[in-house]
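Predicted, not measured: the structure shown is a model, and the values here were computed from it.
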Amino acid sequence: MSKRDKKTITLGSGDLMVKEYDGINFPAYKDFDPKTDLLGYISKGATLEYKGTWYEVSDDTGKVCKTILTKEDATLKSGVLTWNGNTLEKLCSTARVTEKDNIRTVKIGGIANANGKSYALCFHHSDKTDGDVWVVVRGVNQNGFSLAFAKDKETVVDAEFKCLPQDDDGTLIQYVEQMEAEQSAPANSENTGA
């Protein structure tokens, strides 16, 4: 029996990491490093959504029915609490970042500036009790973003990455969970052999 079973309760947030996808080698969950790939610390966790669109046809009496899956949609959403101009470049395909004389400038907009990039994203939920979970997707933030600067609230950038196929099989999501076997109970040590 593994630690991750039907009694597992997943509780808490995690780290959201990102790598630019080169179109050739899609990274595995173990290729992400929070020290170098962290998109930013997140606020209010992350949400993975998947839904299918189905087409159903049946006869007038309801005795014959056929249903087929015609479309899939998946998104990974998260609020990014710690961010900068380089983060915005990953959230907007028309963003261009330049740095000069200790000033970072981000220009956003102009359809002709769309970079066509997609990103490999990995959300890592760490759980010392039941084992870690990783969600790996390829995506593009298609929901835009808003920056609210309020006197009494932090500015969180809400990102919504639409999942794109990451392999020739059309995989949209890799859900990886750690399944360490439970250690067996130690042998009874009361018998001293005397």
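Evaluation of the salt bridge (Lys or Arg N to Asp or Glu O under 4.0 Å) test over residues 34-49, restricted to residues two or more places apart or in two chains, returns Lys19-Asp37, Glu49-Lys77. The stretch residues 106-124 participates, sequence neighbours left out, in these salt bridge (Lys or Arg N to Asp or Glu O under 4.0 Å) pairs: Glu20-Lys117.
Under the side-chain contact (heavy atoms from CB on, under 4.5 Å) criterion, Ser93 pairs with Ala114, Asn115, not counting sequence neighbours. Residues passing the side-chain contact (heavy atoms from CB on, under 4.5 Å) test with Asn86, sequence neighbours excluded: Asn84, Glu89, Val97, Glu99, Arg104.
Judged purely by atom type and a 3.5 angstrom limit, Thr70 uses its side chain to pair as donor or acceptor with the backbone of Thr53. With hydrogens and angles ignored, the 3.5 Å screen pairs no side-chain donor or acceptor of Thr171 with any backbone N or O of Gln166.
One finds the NE2 atom of His125 at 11.0 Å from the CG atom of Asp15 (value rounded to the nearest 0.5 Å).
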Can I get a per-line list of side-chain donor-acceptor pairs under 3.5 Å for residues 137-149, giving both atom names and the distance, sequence neighbours left out?
residue	atom	partner	partner atom	Å
Arg138	NE	Ser118	OG	3.0
Arg138	NH1	Pro165	O	2.5
Asn141	OD1	Glu160	N	3.0
Asn141	ND2	Leu91	O	2.8
Asn141	ND2	Gly144	O	3.1
Asn143	ND2	Glu160	OE1	3.2

Under 3.5 Å, which donor-acceptor pairs do the side chains of residues 55-67 form with other protein atoms, sequence neighbours left out?
residue	atom	partner	partner atom	Å
Asp59	OD1	Gly62	N	3.3
Asp59	OD1	Lys63	N	2.9
Asp59	OD1	Val64	N	2.7
Asp59	OD2	Thr61	N	3.1
Asp59	OD2	Thr61	OG1	2.3

Gln174 and Tyr29: side chain to side chain donor-acceptor pair (under 3.5 Å), yes or no, with the steps?
CA-CA 9 Å; Gln174 289 184 52; Tyr29 74 96; over 6 Å; no

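In summary, the aromatic rings of Phe161 and Tyr119 are positioned with their centroids too far apart to meet the 6.0 Å limit.
With hydrogens and angles left out, the side-chain atoms of His124 and Asp132 include a donor and acceptor closer than 3.5 Å.
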